[in-house]
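Accompanying notes for the structure given below.
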Amino acid sequence: MYSVFIVDDEPIVLEGIRTKIDWEASGFTFAGEAGDGEIALSMIHEIKPDILITDIKMPFMDGLELAAAVKKNQPWIKIIILTGHDEFEYAKKAISIGVEEYLLKPFSAKDVLDTLQKTALEIDRERKQLSDISQMKAEIKSQEKIIQKEFLVNLVHGSADLDNIMQKCQELGIQLVSRYYRISISRIQSKSENLQNQQTACSLLNSYSSSWEQVNSFFHHTNWFVCICKGMTQTELEETVYRTAEAIEYIIGQNTDCTALTAIGKTVEHLSSISDSYVDAKKIMEKNESTKENRIVNSDDGQMENTGLLDIKDNDPMVDRLKYASKADVSAIIEESLKLIHDNPGQFNFFASYLMADMIFSVAKLVENLGGNLKEIRPEILQRSFVDESVQNENKFTHNLESILTFVLEYRDSKMSGKYGDVILRAKKFIDEHYDDPNTTLTTVANEVCLSPNHFSAVFSQECKTTFIEYLTNVRIENAKRLLRETDMKGYDIAYDCGFSDPHYFSYIFKKNTGLSPREYKGGL
C-alpha cells in the first residue's frame with residue numbers, strides 16, 4: 001500500500017479525488033488532505049505519506065513552495081502537481097524541485113489513478129535500486145569514500161589532526177564549517193536477527209542520506225549510523241537533528257523487521273569538541289542497549305530519571321492510557337464502559353462491578369508509580385462498599401467512575417515534574433482549548449510549548465504512543481460524538497465547531513474512526 005496526501009484550496013477537487021477512487025482496491029491508502037500549503041506542511045511532516053498530490057496555485061503557500069519544502073525535509077516523497085493549461089510554463093519550473101508528475105485540469109478519477117500507479121512503479125524501482133547491497137558495497141569500497149570515512153571517524157573519536165582540519169576538509173570536499181554541532185548515533189537492528197534484512201535497510205539509508213543538508217554521515221561498525229549535524233543557530237541545529245532522526249526512523253521502517261534507536265549527544269560549539277558529543281551519544285546508546293523498538297533519545301532526557309510520570313513502566317493498558325489522558329478522554333472511557341454494559345443486557349451488576357474494580361486497580365497502580373499510596377490519599381475508594389454503591393444503578397456507576405478518573409488525572413498533574421511531562425500536559429491542554437480552531441496544527445502547538453516542530457513531533461509520538469495528528473483528530477472526533485449525543489446541531493455545524501473546515505471531510509474522518517457516519521451514529525443513540 002502507498003499512502004497519498006492531497007492539497008488543494010478547492011473543496012470540490014479534494015472531495016472528487018477522495019471519494020471517486022477505490023483506494024484500497026487500487027493498492028493505495030488515503031492519508032489525509034489540507035486546503036493550503038502551510039497547514040499541509042506540518043501534517044505531511046507528521047503523516048509522512050509516500051505520494052503528495054498538490055495544486056500548483058494556492059493562497060499562503062503555493063504548490064511549488066510546498067514541494068520545495070517537502071523535498072528538503074522528506075526527499076523520498078513523490079510529488080504530483082495539479083495544474084491548468086495556462087499554468088503549464090509555471091508548472092515546468094517544478095522539474096528543478098524534483099516533482100515527479102503533473103496532471104492537467106480537468107482530469108478524471110482514471111487519470112489520477114493512472115498517474116498514481118505510474119508513480120508507485122517509480123517508488124518500487126527507486127527502492128529496489130537504493131536497497132541494492134552491491135551498490136552500497138561498491139560505494140564503500142571507493143577510495144575517496146574510504147578516506148572521507150576515516151577522517152570523520154577520527155574526528156568523532158577525537159584523534160583527528162585539529163591543526164590542519166580545515167585544509168583536510170577542503171581536500172576531501174567535506175563541508176564542516178558551522179556554529180554549532182551535534183552527534184547522533186542510530187543503531188539499526190533486525191527484530192528477527194535476519195542479517196539480510198538489516199543490510200538491506202542499512203543500504204537504503206546509506207543511499208538516501210547522501211543528499212541530506214547540514215549532515216555528514218557514515219556507517220560505523222556494520223549497523224551504527226553516525227551523523228554529524230550542523231547549524232548556524234541552536235534552533236536550526238535542533239531542527240536538523242530531529243529531522244534527520246525521524247527520517248532515519250522512517251527509512252528503516254520501510255522494512256518492518258527493522259528498527260532504529262537513535263541517541264543524540266549534547267550540543268558543542270567547536271570541531272575540537274565534536275568527540276564530546278559523540279561520547280555523550282555513545283553513553284546514551286549503551287544505557288538503552290536493551291531497547292528493541294524505534295526510539296529517539298536526547299542527551300537531555302537523562303534529566304528525567306525518577307522524576308515521575310514518564311518513567312512509569314507498566315503493562316496495564318489502562319495505566320498507560322491514564323498517563324496522558326486529558327479531561328476530554330474521561331467521557332470516552334465512561335462511554336466505552338457503558339457500551340460494554342449495554343452490550344450485555346441483564347448483567348449490569350456483574351460487568352459494572354468488574355469494570356469499577358479494574359479501574360480502581362489501574363488508578364492505584366498509577367498513583368503508586370507516582371510516589372503515592374491510594375490507601376492514604378483516597379482510602380474510601382478501596383472499600384468494598386464503594387464498589388457496591390457504584391453498581392446500584394447506571395447513574396451512580398457513571399458518577400463514581402467519573403469521580404475517580406477526575407481524581408487520578410488531577411493527582412497525576414500535581415505530580416508532574418519531568419521535563420517532557422510538563423510539555424505533554426501543556427500541549428494537551430492547548431489542544432483541549434483550541435481543537436475547534438482549524439488552524440491548530442503541529443506547528444502552532446509546538447510554538448506554544450517552545451519546541452521546534454520536529455522535536456515536539458518526536459517527543460509527542462514517543463511519550464504518547466500516538467502521533468500528534470492522530471491525537472488531535474481523536475479529540476475532535478470525541479467532541480463531535482459528544483455534540484451528536486447531547487445536541488440537535490446539524491452535521492455541518494458540528495464539523496465547524498470541532499475544527500474541521502470541510503463537512504465532507506469531517507464525515508469521511510468520522511466514519512473512518514468510528515465505522516459509522518455522523519447520521520448513523522446519531523440514529524443509533
Using modelled atom types only, decide if a donor and an acceptor are shared between the side chain of [X] and the backbone of [Y] within a distance under 3.5 Å.
X: Asn294; Y: Glu249; value: no
X: Ser362; Y: Asp358; value: yes
X: Tyr181; Y: Leu176; value: yes
X: Ser273; Y: Val268; value: no
X: Thr443; Y: Ser42; value: no
X: Glu478; Y: Val475; value: no
X: Asn154; Y: Glu150; value: yes
X: Asp329; Y: Ala332; value: no
X: Asn288; Y: Ile284; value: yes
X: Thr440; Y: His434; value: yes

Is a salt bridge present between [X] and [Y], judged by a nitrogen-to-oxygen distance below 4.0 Å?
X: Glu33; Y: Arg18; answer: yes
X: Glu122; Y: Arg125; answer: yes
X: Asp114; Y: Lys110; answer: yes
X: Lys78; Y: Glu126; answer: yes
X: Glu100; Y: Lys71; answer: yes

Closest contact, heavy atoms only, [X] versus [Y]:
X: Ser26; Y: Leu113; result: CB-CD1, 3.5 Å
X: Thr262; Y: Ser186; result: OG1-OG, 2.7 Å
X: Ala281; Y: Ala263; result: O-CB, 3.3 Å
X: Ser217; Y: Leu152; result: O-CD1, 4.3 Å
X: Thr444; Y: Asn439; result: CG2-O, 3.3 Å
X: Asn206; Y: Ser209; result: O-OG, 3.0 Å

Above 12 or not: heavy atoms from other molecules or residues under 6.0 Å from [atom1] of [X]?
X: Lys48; atom1: NZ; result: yes
X: Glu336; atom1: CD; result: yes
X: Gln170; atom1: CD; result: no
X: Glu289; atom1: CD; result: no

Could you tell me if the side chain of [Y] sits less than 4.5 Å from the side chain of [X], heavy atoms only?
X: Lys230; Y: Gln175; value: yes
X: Arg426; Y: Val423; value: yes
X: Ile248; Y: Cys227; value: yes
X: Val156; Y: Ile228; value: yes
X: Asp50; Y: Ile123; value: yes
X: Arg182; Y: Asn298; value: yes
X: Val7; Y: Ile53; value: no
X: Ile56; Y: Leu64; value: yes

Sole candidate of Gln74, Glu246, Arg243 that passes side chain to side chain donor-acceptor pair (under 3.5 Å) when paired with His45: Glu246

Using the salt bridge (Lys or Arg N to Asp or Glu O under 4.0 Å) rule, take Glu269 and Arg179 through it: C-alpha gap first, then chi angles, then the decisive distance, then the call. CA-CA 6 Å; Glu269 298 187 32; Arg179 177 71 178 82; 2.8 Å; yes

Using the rule given for side chain to side chain contact (heavy atoms under 4.5 Å, CB included), can you reason through Val112 versus Leu103, listing the C-alpha separation, both sets of side-chain angles and the distance that settles it, and then say yes or no? CA-CA 8 Å; Val112 175; Leu103 272 170; 3.9 Å; yes

[atom1]/[X] to [atom2]/[Y] distance, rounded to the nearest 0.5 angstrom?
X: Asn255; Y: Ser203; atom1: CG; atom2: OG; result: 11.5 Å
X: Tyr102; Y: Ile81; atom1: OH; atom2: CD1; result: 12.0 Å
X: Leu205; Y: Ile252; atom1: CG; atom2: CD1; result: 4.5 Å
X: Leu261; Y: Ile296; atom1: CG; atom2: CD1; result: 9.5 Å
X: Phe460; Y: Glu470; atom1: CZ; atom2: CD; result: 10.0 Å
X: Thr244; Y: Asn73; atom1: OG1; atom2: CG; result: 9.0 Å

Side chains of [X] and [Y]: donor-acceptor distance under 3.5 Å anywhere?
X: Gln167; Y: Glu171; answer: yes
X: Arg476; Y: Asn513; answer: no
X: Asn197; Y: Ser190; answer: no
X: Tyr2; Y: Asp124; answer: yes
X: Gln189; Y: Thr259; answer: no

Side chain to side chain contact (heavy atoms under 4.5 Å, CB included) assessment of Ile174 paired with Asn216: CA-CA 8 Å; Ile174 298 174; Asn216 296 95; 3.6 Å; yes

Mind checking whether Phe218 and Phe225 have ring centres under 6.0 Å apart?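 Phe218 vs Phe225: aromatic centres not under 6.0 Å.
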
Do Phe28 and Trp23 make the cut of ring centroids closer than 6.0 angstrom? no

Check the angle between the aromatic planes of Tyr508 and Tyr505 and answer parallel, tilted or perpendicular using the 30° and 60° thresholds. parallel

Which is it for Glu46 and Ser457 under the side chain to side chain donor-acceptor pair (under 3.5 Å) test, yes or no, and what are the steps along the way? CA-CA 7 Å; Glu46 183 81 7; Ser457 174; 2.9 Å; yes

Trace of the side chain to side chain contact (heavy atoms under 4.5 Å, CB included) decision for Met232 with Ser178: CA-CA 6 Å; Met232 295 308 294; Ser178 191; 3.8 Å; yes

Evaluate the side chain to side chain contact (heavy atoms under 4.5 Å, CB included) criterion for residues Asn223 and Gln198: first the C-alpha distance (whole Å), next the side-chain angles of each, then the deciding distance (0.1 Å), finally the verdict. CA-CA 8 Å; Asn223 65 331; Gln198 184 174 297; 3.5 Å; yes

